[in-house]
Amino acid sequence: MANVAFIGLGVMGYPMAGHLKVKGGHTVTVFNRTSAKAEKWATQYGGTAAPTPAEAARDADFVFVCVGNDDDLRQVTTGKDGALQGMKAGAILIDNTTASAEVARELYEAAKARGCAFIDAPVSGGQAGAENGALTVMCGGDEADFEKARPVIEAYARMVGLMGAAGAGQLTKMINQICIAGLVQGLAEGIHFGKRAGLDIEKVVEVISKGAAGSWQMENRHKTMNEGRYDFGFAVDWMRKDLGIVLAEARRNGAKLPVTAVVDQFYGDVQDMGGNRWDTSSLLARLERK
């Protein structure tokens, strides 16, 4: 078993760190900007809470990070008392944040300069996937480092794959969000159309979900969408952050993403409705507003 640090105990990081301790059997030290949450985690799981990212990372073989955005990521890794200040040579920094490919490449070079390794490893599966240890993890980095880290990452994952060099994990997560945005909008329009046509949505979905229209979103979100309940996981604010990263990357690489750009604006409408913390299926609420 390994010495592991985990930095960032939000709705995703808290259970992920727990799986590393319980399922993985690793020695885990945690850091969170709200220290009370780190202390709570340490009491619940029998780990240790550290006062800074550098202290958490000091004796770790693997240092995991799961925070909000590029700036948060830089702060807890390369900033004052950041993880890289405390990491020993040969340790591997694994970033589960959904961030830009640019910052992933930046941290790869920063880690390399200190004799460490870096893997960008954003996840998909939402809060439920984190709690159940069933996340999909998309990685970018050097193959040898990935193979060392894979058995540790598997404590909270059902699928772990190396997508390419540093930044490739983040680029793959962008594709994931592109696909989800279009799927959810299509499902929202389908349910909205069905309601206006006077159809029984449950009966409709029972049939079409077994055909070419079927998807995870349809199977898992149609019922709550039909009932107007939008408190199931990944929030609109987070999706807009992710789609902002996607659209910025598209401007750099020249990709044409008309549907993604429009759905991003639709999520902006949901925010204007007060739905910042509603889950991403709330695109239906926008269609049904008076």
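Just so we're clear, the structure is a prediction, and the values are computed from it rather than from any experiment.
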Is atom [atom1] of [X] surrounded by more than 12 heavy atoms (other residues, nucleotides or ligands) closer than 6.0 Å?
X	atom1	answer
Arg158	CZ	no
Lys210	NZ	yes
Glu206	CD	no
Arg252	CZ	yes
Glu189	CD	yes
Met159	CE	no
Lys40	NZ	no

Run the numbers on Tyr267 and Asp237 for side chain to side chain donor-acceptor pair (under 3.5 Å), then give the verdict. CA-CA 8 Å; Tyr267 278 123; Asp237 279 351; over 6 Å; no
Take Tyr45 and Val22 through the test side chain to side chain contact (heavy atoms under 4.5 Å, CB included) and record every step on the way to the result. CA-CA 7 Å; Tyr45 289 102; Val22 176; 3.7 Å; yes
For residues 15-36, which residue pairs qualify under side chain to side chain donor-acceptor pair (under 3.5 Å), counting only residues two or more places apart or in two chains? Arg33-Asp72
Transitively linked via ILVMFWY side-chain contacts under 4.5 Å: Val28 with Ile7? no
Do Trp216 and Leu183 have side chains that approach each other closer than 4.5 Å (heavy atoms only, starting at C-beta)? no
Please tell me whether [X] and [Y] have a donor and an acceptor in their side chains that are separated by less than 3.5 angstrom.
X	Y	value
Asp242	Gln177	yes
Gln217	His222	no
Asp120	Tyr108	no

Quick check on side-chain contact (heavy atoms from CB on, under 4.5 Å): which of Val246, Asn253, Leu247, Ile245 does Glu249 satisfy it with? Asn253
Relative to each other, are the rings of Phe64 and Phe6 parallel, tilted or perpendicular (30° and 60° limits)? parallel
Heavy atoms of Tyr14 and Trp41 approach each other most closely as O-NE1, 3.2 Å
